[in-house]
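Please read these numbers as outputs of a predicted model, since none were measured by experiment. Order of listing sets the numbers, starting from 1, for every ligand and every atom in it.
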Amino acid sequence: MMPDVTSESTKLRPWTGDRAPASWGLGDGQAIPWEYAPAPESREIVRLKERYGLFIDGREVQASDGAVFPTVNPATEDKLADVARATPADVDRAIRAAGRAQKRRWGSLPGRERAKYLFRIARLLQERSREFAVLETMDSGKPIRESRDVDVPLAAAHFWYYAGWADKLEYAFPGRVARPLGVAAQVIPWNFPLLMLSWKIAPALAAGNTVVLKPASTTPLSALLFADVCRQADLPPGVVNIVPGPAQIGMHLVSSPSVQKVAFTGSTEVGKLIHKATAGTDKAITLELGGKAANIVFEDAALDQAVEGIVNGIYFNQGEVCCAGSRLLAQESIVEPLVEKLKDRLATMRVGDPLDKNTDVGAINSRQQLEKITELVEAGVAEGADIYQPPCDLPDRGWFFRPTLFTNVAQSHRIAKEEIFGPVLSVLTFRTPDEAIEKANNTPYGLSAGVWTEKGSRILAMVRRLKAGVVWANTFNRFDPTSPFGGYKESGFGREGGMHGLHAYVRLEDR
Ligand code: NDP
């Protein structure tokens with residue numbers, strides 16, 4: 001049915017912000033002649049259950065003590081469902097199921113047979129992509145545009161990619177025999193729930209391991225929908241087990257003497273605890289932790305393109321991204337026009353209902369995370385930086401934060417040092433490439449960085465000196481399953497993606 005363009009809800013409304021951005025050439029205070037009509041994605045495709053169980057040994061089971069915890073929609077604060085809360089005994093059961101499946105079936109299955117299952121999972125993810133995208137957005141708060149166009153397609157792409165390696169392990173590691181490690185304990189965060197699951201499960205399975213995965217407590221639903229995909233794909237019982245539960249369950253899982261591999265993505269603080277808990281064991285371990293990336297813009301860069309890259313770098317997924325470009329390092333000669341352009345661009349960003357297809361910045365994942373962002377932004381103001389937030393109305397309910405830009409930031413400010421994990425950009429300046437390198441590397445983290453310049457030689461020179469696992473040139477936040485991702489220093493160690501990601505799940509032996 002065509003919408004009634006005369007109705008109150010859809011007719012064109014005048015701009016309610018302070019003023020039109022200067023670059024739009026409309027004159028100060030002039031109304032902007034358009035407004036987006038609401039474009040909500042339907043929730044109908046998702047059939048939420050009232051209660052979700054654990055996924056152990058191919059079956060949905062309740063927690064051994066019957067306990068559940070709620071998961072809520074961060075955009076509305078409404079409860080979505082109750083989820084079984086695994087006990088240590090449940091985790092042990094899942095690990096035993098994974099061990100049996102690995103020894104009796106999956107580990108000895110020819111690679112081409114494992115590949116068939118992975119291809120099937122990839123195809124099912126694609127077939128059910130809308131359902132996954134809507135569910136992910138409801139449970140995490142991320143804009144539907146991102147779950148639809150980034151998270152879900154990339155998750156499927158990881159399964160496609162690693163399915164391709166399953167029968168080619170001998171070519172990945174020429175002259176060596178690649179053996180699976182055994183049972184992988186995987187703990188994932190809430191910012192990219194399905195994507196982090198695929199980064200971990202796809203290479204593990206391709207190499208012949210089985211897994212027990214603990215999703216984050218605020219975003220368990222896409223992992224539980226993935227359990228349904230495993231059943232649909234006829235994956236042998238026990239190959240994938242999913243155990244939602246609190247932090248202690250994560251620690252119990254990674255500490256188990258019956259797991260041979262630990263993979264964690266999350267905060268540096270928890271990464272250190274897990275590193276300690278696994279020290280002295282022969283478990284293989286990869287940690288993908290926090291970041292405070294520098295996005296470096298030289299005076300010869302194409303500024304309008306850089307603005308898009310900076311915006312994508314820090315406001316993508318509300319800035320809840322470990323590799324977010326949260327520190328903008330702008331060459332002094334261009335900082336003024338660049339900041340003006342950024343402010344104009346921020347004024348066009350749409351904050352609100354994550355299920356609306358026009359939304360750029362959705363809901364913050366939890367009240368706790370919103371409080372952390374608010375606290376750090378208040379610290380930025382108190383320490384003397386200049387804050388800019390575009391005028392925009394935030395929804396009455398839910399956890400939202402305006403895109404924020406700080407100028408006049410000193411390196412000693414908390415907003416320049418600490419991971420905010422929110423839509424907050426700190427602008428610093430530099431004069432020479434050496435100064436840019438020094439400032440960019442002046443952080444305990446080392447996950448990612450960006451360089452914007454017209455000169456290829458400068459890109460190469462910068463990349464060599466930046467201490468970051470990933471450096472993007474004239475772009476930012478680009479991901480591909482063929483490309484390894486991971487950090488240095490307090491951003492962790494080990495790589496996910498590409499052949500490096502496969503290497504993390506095998507033991508290499510001489511022929
Ligand atoms: P955490 O590191 O606490 O959570 C990540 C995952 O680890 C979740 O599944 C969590 O479970 C689990 N976990 C928490 N504590 C332990 C533990 N002691 N042992 C084993 N597993 C554990 O991140 P937060 O959600 O607390 O976020 C805090 C900050 O961490 C953010 O503000 C952000 O700065 C950073 N962060 C970084 C991420 C990244 O991708 N690098 C991702 C998420 C957060 P549960 O959900 O049940 O607590």
Item to complete: Could you establish whether Phe264 and ligand 1 come within less than 4.0 Å of each other, counting only heavy atoms on the residue side?
Response: yes
Worksheet item: Between Lys467 and Thr443, is any side-chain donor less than 3.5 angstrom from a side-chain acceptor?
Response: no
Discussion item. I need the nearest protein heavy-atom contact for atom 35 (C) of ligand 1: residue, atom name and distance, please.
Written reply: Glu419 OE1, 3.5 Å
Worksheet item: Mind checking whether Gly245 has a heavy atom under 4.0 Å from ligand 1?
Response: yes
Worksheet item: Does Glu419 come within less than 4.0 Å of Lys372, counting only side-chain N to carboxylate O?
Response: no
Response to the item:
Heavy-atom proximity to atom 39 (C) of ligand 1, picking from Gly492, Gly422, Cys322, Ser491, points to Cys322
Worksheet item: Taking the minimum heavy-atom distance to atom 11 (O) of ligand 1, which of Gln369, Lys214, Gln186 ranks first?
Response: Lys214
Fill in: Atoms in ligand 1 flagged as close to Pro246, the criterion being non-hydrogen separation under 4.0 Å
47 (O)
Item to complete: Run the salt-bridge test on Glu320 and Lys142 with the 4.0 Å N-O cut-off and return the result as yes or no.
Response: no
Worksheet item: What class does the angle between the rings of Trp165 and Tyr161 fall in, given that below 30° is parallel, 30 to 60° is tilted and above 60° is perpendicular?
Response: perpendicular
Fill in: Derivation of the side-chain contact (heavy atoms from CB on, under 4.5 Å) call for Arg93 and Val61
CA-CA 11 Å; Arg93 193 146 55 99; Val61 294; 4.1 Å; yes
Item to complete: With heavy atoms of Val187 as the reference, note each atom of ligand 1 found under 4.0 Å away.
Response: 6 (C), 7 (O), 9 (O), 12 (C), 21 (N)
Practice prompt. Would you mind running through ligand 1 and noting each atom that sits below 4.0 Å from a heavy atom of Met251?
Written response: 19 (N), 20 (C)
Worksheet entry | Ile420-ligand 1 polar pair, N/O distance under 3.5 Å | no
Worksheet item: Any idea which part of Ser217 is under 4.0 Å from ligand 1, heavy-atom wise: side chain, backbone, both or neither?
Response: both
Worksheet, complete the sentence: protein heavy-atom neighbour closest to atom 1 (P) of ligand 1 works out as Ser267 OG, 3.6 Å
Discussion item. If you take the centroid of each ring, where Trp contributes its six-membered ring, are Trp199 and Tyr162 closer together than 6.0 Å?
Written reply: no
Response to the item:
shortest atom 25 (O) of ligand 1-to-protein heavy-atom contact is with Trp190 NE1, 2.5 Å
Worksheet entry | Lys357 atom NZ: more than 12 heavy-atom contacts under 6.0 Å | yes
Worksheet item: Among protein heavy atoms, which lies nearest atom 3 (O) of ligand 1, and at what distance?
Response: Val270 CG2, 3.5 Å
Worksheet item: Taking the six-membered ring of Tyr505 as reference, does the NZ or CZ atom of Lys261 fall below 6.0 Å from its centre and within a 45° cone about the axis?
Response: yes
Worksheet entry | Pair Arg128 + Glu131, salt bridge at N-O below 4.0 Å | yes
Worksheet entry | atom 44 (C) of ligand 1: nearest protein contact (heavy atom, Å) | Phe421 CE2, 3.8 Å
Discussion item. Take a 6.0 Å sphere around CZ of Arg85 and say whether it holds more than 12 heavy atoms from other residues, nucleotides or ligands.
Written reply: no
Practice prompt. Specify the protein heavy atom at minimum distance from atom 15 (N) of ligand 1: its residue, its atom name, and the distance to 0.1 Å.
Written response: Ala247 CB, 3.2 Å
Worksheet item: At a non-hydrogen distance cut-off of under 4.0 Å, which region of Lys372 contacts ligand 1 (side chain, backbone, both, or neither)?
Response: side chain
Worksheet, complete the sentence: For atom 42 (C) of ligand 1, the closest protein heavy atom turns out to be Pro189 CB, 3.3 Å
Practice prompt. Mind checking the CD1-OG1 spacing from Ile201 to Thr210? Nearest 0.5 Å is all I need.
Written response: 11.0 Å
Discussion item. Starting from atom 6 (C) of ligand 1, what is the nearest protein heavy atom, named by residue and atom, and what distance separates them?
Written reply: Ile188 O, 3.6 Å
Practice prompt. Indicate whether any N or O donor in one side chain lies under 3.5 Å from an N or O acceptor in the other, for Asp139 and Thr219.
Written response: no
Worksheet item: Under 4.0 Å from any heavy atom of Leu289, which atoms of ligand 1 are there?
Response: 41 (N)
